[in-house]
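From a predicted model like this one, the values you see are computed outputs, not experimental measurements.
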Amino acid sequence: NIFLLSRPRNTAGSSYSKQESMEPLKLLTVFLVIAGVFGQDDDELALEKKLCQDKSAGELFRLKGGKDSCRDVIQCTAGGLQAIRCPPSLAFDLEKQTCDWRWAVTNCDKLTKEKKVKPLLVTDEPLCENENYLACGDGVCIERGLFCNDVPDCKDGSDENACDQDTDPNRAPECDKTICTLPDCFCSEDGTEVPGDLCPENDKCDRVPQMVTITFDDAINNNNIDLYEEIFNKQRRNPNGCDIKATFFVSHKYTNYSAVQEMHRLGHEIAAHSITHRNNETFWTDASVEDWAKEMGGSRLIIEKFGNITDNSVVGLRAPFLRVGGNHQFTMMEEQAFLYDSSITAPLQNPPLWPYTMYFKMPHRCHGNLQNCPTRSHAVWELVMNELDRREDPTYDEELPGCAMIDSCSNIIGGDQFYNFLTHNFYRHFDQNRAPLGLFFHAAWLKNNPEYLDAFLYWVDEVIENHPEVYFVTQTQVIQWIQNPVAVESAKNFAPWQEKCSPGPRESCFTANSCKLDTKELPGEALRMHTCVRCPNKYPWLNDPTGDGITF
């Protein structure tokens, strides 16, 4: 018997609070591979052939169903059948094709994953006379536009079974730089190209400002306001003399909107992060266009009304749990006039990726087994979340999967280590193509770990002192630079980076209204909401984002 341990790949999107509980799962998802479970006489070869004849490459399946056998699966390989067993307390999920918590697996009684009929998209001879028609799995031709529209139009449903970024017949085309030109469109073949002509060979990008984007997700309230005041203390300034800036992806529940108003007044960017922040992650993957509109359009409406933001600057969003909603999410963003998304994770690579527009095909694979990336062309910017290199010493340490949210980098266990992590990843961007460095946080991670906060502030101060090429800017300010690239020597006078440069003390709303509210949508809950505007009649929620008490 041969026992092999394999390290599972990191799954993008599991980087929020649930990720911490899932971390042991990643560490435990090891495969016990027993070679040569079956002998190789004629009868067993015939059995093997029968078992494997309808299985795709690498597909794992069961010989026996039931809860007692849910840990065990087998796989067809060139060397014969191999048996694989999940660790204790886990079971094998046939649809996900991975080990998962036993309570989360619902297909223990099945032997194989569901077989889906594929359309006949690639054949030696055309099956359809009209070039705008394509063949279903049964050979019947239907209009190309009916494929991958979430409605089965083929009798066998095959028109909805080949719909990823490589197979969707209506997918976005490959990057075409003769069509895609700034300021409205930006793409490159591999996503690493620097905008403009400041670094033509993507080498020695000394003239390109190094942008750093700090973001925080979830509610702004008394639990983190003091943290933000400590980080953004009006003493830390960019080379143009303006205060360093950040972007806050705000979820609704428990948010203090007078604090949101103040952060906006100070020049930070406020963006949408949903109303409900539902814990059911698959909701975000499968949500309809209308669901996304209620969550994100409603979130923006609440932020603007109760945060008293009147300059139409709430233009970005991030999906809860980084669970991208595919074409539904991005269709909603076009319809609701959102400028950008920042939810898609790109796997760790060198050099890192620059943001891009979604008119053309994404320049990287959809990262994560559970992700639902958009496949169609959309008039939306993607501020891609480059994974960070979590290794303490990249020169000697073995390769590890990257991590997008900093609090998902589970191997960070001390301040010195965190400082080294920040420094290494900074120079990974700075010394290569100077793609914006994204540092994506949840406030609690810094608040609950003073050693990490001290290391972070020490690193920020060091960068400000030693690097006149570095600007800490908002997500929208990154897009503004890409649309009109200027060299380091001109960045000090770049107008979009001078807006709300260094605002003075607060001059109004010293005491916010404390509104005790309820809503029929959350029965039994009494919620308090702070705002500088008049209290609404009801607690704003999905069907009544204005709080008027009138649901839609």
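Salt bridge Arg278/Glu295: present, at least one basic N to carboxylate O contact under 4.0 Å. Taking 4.0 Å as the cut-off between side-chain N and carboxylate O, Lys538 and Asp548 do not count as a salt-bridged pair. Ion pair Glu189/Lys361 not flagged as a salt bridge, since none of the NZ, NE, NH1 or NH2 atoms sits closer than 4.0 Å to an Asp/Glu carboxylate oxygen. Remark: Arg376 engages Asp168 in a salt bridge, criterion side-chain N to carboxylate O under 4.0 Å. A salt bridge links Lys253 with Glu525: at least one charged nitrogen is closer than 4.0 Å to a carboxylate oxygen.
For the residue pair Asp544/Thr519, the side-chain donor-acceptor check at 3.5 Å is not satisfied.
Counting heavy-atom neighbours within 6.0 Å of Tyr254 OH, excluding the residue itself, gives a total of 12 or less. A 6.0 Å sphere centred on CG of Asp226 holds more than 12 heavy atoms belonging to other residues, nucleotides or ligands. Asn312 CG: 12 or fewer foreign heavy atoms inside a 6.0 Å radius. More than 12 heavy-atom neighbours from other residues, nucleotides or ligands sit within 6.0 angstrom of CG on Leu111.
Not less than 6.0 angstrom separates the ring centroid of Trp354 from the ring centroid of Trp381.
Between Phe216 and Phe441, the ring-plane angle classifies as parallel under the 30° and 60° cut-offs. Using cut-offs of 30° and 60° for the angle between ring planes, the Tyr257 and His252 rings count as tilted. Between His378 and Phe330, the ring planes lie tilted relative to each other; the angle falls in the 30° to 60° range.
Judged by the 6.0 Å distance and 45° axis criteria, Arg318 is positioned over the aromatic ring of Phe440. Both tests do not hold together for Arg71 against Phe92: distance to the six-membered ring centre under 6.0 Å, angle to the ring axis within 45°.
Remark: Cys180 SG to Cys187 SG, distance not under 2.5 Å.
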The test is side chain to side chain contact (heavy atoms under 4.5 Å, CB included); show your working for Thr474 and Thr213 and say whether it passes. CA-CA 6 Å; Thr474 68; Thr213 57; over 6 Å; no
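Gln371 places no side-chain N or O within donor-acceptor distance of the main-chain N or O of His367, the cut-off being under 3.5 Å. A donor-acceptor pair is defined here as one N or O able to donate and one able to accept, closer than 3.5 Å; no such pair exists between the side chain of Asn433 and the backbone of Val194. Distance alone, capped at 3.5 Å, is enough to place a donor-acceptor pair between the Ser158 side chain and the Gly137 backbone.
Applying side-chain hydrogen bond (donor to acceptor under 3.5 Å, both in side chains) to His442 and the options Asn224, Asp407, Thr215 leaves one that passes, Asp407.
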